[in-house]
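Reckoned from all heavy atoms, side chains included, excluding hydrogens, waters and symmetry mates. No experiment lies behind these values; they were computed from the predicted model shown. For reference, positions follow the sequence shown, starting with 1.
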Amino acid sequence: MNSMLRPTFVCALALLTSCAWTNRANRPVWNVFESNLVPESSTAFVCTLPLTVPAGLLAIVGDTFVAHPIQVVDDALGDAGDVWDPLTLKDSHYYTNAAEVPFRAVWTPIAFAGSFVGRSLFDIPPHGAGEVERQAAKVAHDETREQQAATRRARVLEWLRTIADGGEVGDVPGPLKIDDEARAAIQRALTSRNALARRGVHHWAMFWARGEVDWSRALGDESAVVRFGVLEDMRPDVVIQHDVRQRLLADPDPAVRELAAQRFR
């Protein structure tokens with residue numbers, strides 16, 4: 001649109017309908033008029049001013065009093081419906097809710113009228129827009145958490161595979177959702193010939209996969225390092241049979257015997 005006509009109409013729009021006109025979506029009639037009836041060339045623009053000025057004013061009036069108010073009726077009804085928001089009507093407060101019904105009934109048309117006028121004059125977000133944004137943010141947050149969980153799971157499984165293949169323990173990872181794949185990875189890692197690796201797996205499992213390890217068997221490991229470590233990490237809810245306790249109390253390694261004595265006597 002020509003630079004001379006635009007400021008004139010924008011000023012008129014601002015005076016008539018305040019900031020609702022800052023949003024192009026709120027002026028559908030004007031948009032059609034601007035796109036189809038205002039010439040691009042300067043000569044044609046000047047020649048058609050006697051026609052475009054009245055037509056532009058009619059477009060403004062049409063948007064102000066017809067098109068845009070029609071656009072906001074649904075949102076105003078939604079705002080009025082919030083007066084009867086079911087989240088505030090609790091069965092346990094029956095008498096309180098019953099007493100509020102007349103006040104809600106009186107307030108409903110007032111809320112509709114106020115919302116309708118306000119939305120007609122100002123650029124107010126659609127009803128429920130905030131909830132939509134919150135839901136979108138929640139979905140994004142859930143997706144991020146799922147991605148983080150998938151990354152963490154892959155790291156733990158890779159750690160277990162590394163140990164099973166004879167690699168070093170390294171940094172002990174965090175939790176792992178236990179399923180068939182995880183159980184198989186844990187059992188393979190526990191067969192490592194590296195005593196320090198088995199010690200690391202037992203240490204991790206005591207915190208994150210306690211139910212997946214035979215702790216009586218772990219306490220009978222051929223390495224005193226592993227037996228001592230498992231005994232040191234042992235949690236109170238892990239049940240150790242009497243014969244396993246007696247064997248530890250008579251363990252050939254003095255450090256294991258002393259720790260067993262502290263734990264079992």
Side-chain angles (χ1 to χ4, degrees), residues 87 90 92 129-265:
L87 294 178
K90 301 185 182 301
S92 59
E131 181 62 27
V132 172
E133 293 175 356
R134 284 192 292 272
Q135 290 297 329
K138 182 179 183 300
V139 170
H141 177 69
D142 291 343
E143 289 178 350
T144 300
R145 290 185 59 184
E146 290 177 1
Q147 292 173 355
Q148 292 174 343
T151 301
R152 183 170 56 246
R153 174 182 176 81
R155 187 166 68 90
V156 176
L157 290 175
E158 180 61 27
W159 178 76
L160 291 169
R161 282 192 289 268
T162 299
I163 289 178
D165 294 338
E168 297 182 357
V169 177
D171 295 331
V172 178
L176 173 67
K177 181 180 179 181
I178 303 301
D179 54 18
D180 291 342
E181 182 184 19
R183 291 188 183 94
I186 292 170
Q187 294 306 317
R188 284 190 66 240
L190 289 175
T191 62
S192 171
R193 297 308 303 165
N194 186 328
L196 291 178
R198 297 198 303 277
R199 164 75 179 99
V201 176
H202 285 120
H203 177 75
W204 170 83
M206 185 62 72
F207 292 92
W208 304 116
R210 199 172 308 167
E212 305 305 319
V213 175
D214 182 349
W215 295 107
S216 295
R217 180 178 178 182
L219 288 169
D221 192 275
E222 62 183 20
S223 171
V225 171
V226 176
R227 298 196 300 275
F228 183 91
V230 172
L231 191 57
E232 185 178 41
D233 293 337
M234 192 67 63
R235 293 294 178 264
D237 60 334
V238 177
V239 178
I240 303 300
Q241 292 87 345
H242 179 73
D243 60 325
V244 176
R245 295 188 179 197
Q246 294 302 312
R247 187 176 68 241
L248 290 170
L249 290 171
D251 195 274
D253 187 270
V256 176
R257 290 199 306 272
E258 292 174 9
L259 184 58
Q262 293 177 11
R263 286 299 183 95
F264 302 142
R265 289 181 179 176

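- With salt bridges taken as basic N to acidic carboxylate O contacts below 4.0 Å, one links Arg199 and Asp233.
- Surrounding CG of Asp171 are at most 12 heavy atoms belonging to other residues, nucleotides or ligands under 6.0 Å away.
- Of all non-hydrogen atoms in Val213 and Ala218, the two that sit nearest each other are CG1-CB, 4.5 Å.
- Formation of a donor-acceptor pair under 3.5 Å by the Glu222 side chain with backbone atoms of Ala195 is not found in this model.
- In terms of heavy atoms, Leu231 sits closest to Arg263 at O-NH1, 3.0 Å.
- Using a cutoff of 4.0 Å between basic side-chain nitrogens and carboxylate oxygens, Arg161 and Glu158 are scored as salt-bridged.
- In this structure Arg145 satisfies the salt bridge (Lys or Arg N to Asp or Glu O under 4.0 Å) test with no other residue, sequence neighbours excluded.
- What you find for Leu157 and Ala185 is that their closest heavy atoms are CD2-CB, 4.0 Å.
- Rounding to the nearest 0.5 Å gives a distance of 6.5 Å between CG of Asp253 and CZ of Arg227.
- Tested against Glu212, the residues Leu176, Ile186, Leu190 include a single side-chain contact (heavy atoms from CB on, under 4.5 Å) partner, Ile186.
- Met206 and Val238 make their closest contact through SD-CG2, 4.1 Å (heavy atoms, listed as atom of the first residue, atom of the second, distance).
- Judged by distance alone, with hydrogens and angles left aside, the side-chain atoms of Thr191 form a donor-acceptor pair with the main-chain N or O of Arg188 at under 3.5 Å.
- Crowding of Arg183 atom CZ: a count of heavy atoms from other residues, nucleotides or ligands under 6.0 Å exceeding 12.
- A salt bridge does not link Glu146 to Arg153: none of the charged side-chain nitrogens sits closer than 4.0 Å to a carboxylate oxygen.
- Taken from CD in Gln246 to CG in Asp243, the straight-line distance is 8.5 Å, to the nearest 0.5 Å.
- Scanning for ring-ring contact (aromatic ring centres under 6.0 Å, His included) contacts around Phe264 gives an empty result, with sequence neighbours left out.
- Put simply, the side chain of Asp165 never gets that close to the backbone of Gly167: no donor and acceptor are under 3.5 Å apart.
- Not a single donor-acceptor pair under 3.5 Å links the side chain of Trp215 to the backbone N or O of His202.
- In this structure, Arg257 contributes its side chain and Pro252 its backbone to a donor-acceptor pair below 3.5 Å.
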Step by step, would you call Gln148 with Thr151 a side-chain contact (heavy atoms from CB on, under 4.5 Å)? CA-CA 5 Å; Gln148 292 174 343; Thr151 301; 5.7 Å; no
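- Nearest heavy atom pair, residue Leu160 against residue Ala189, reads O-CB, 3.7 Å.
- Applying the side-chain contact (heavy atoms from CB on, under 4.5 Å) rule to Trp159 yields the partners Ile163, Val169, Val172, Pro173, Val201, Trp204; only residues at least two apart in sequence or on another chain are considered.
- Of all the heavy atoms in Arg245 and Ile240, the pair that sits closest is NE-O, 3.3 Å.
- With salt bridges taken as basic N to acidic carboxylate O contacts below 4.0 Å, one links Asp221 and Arg198.
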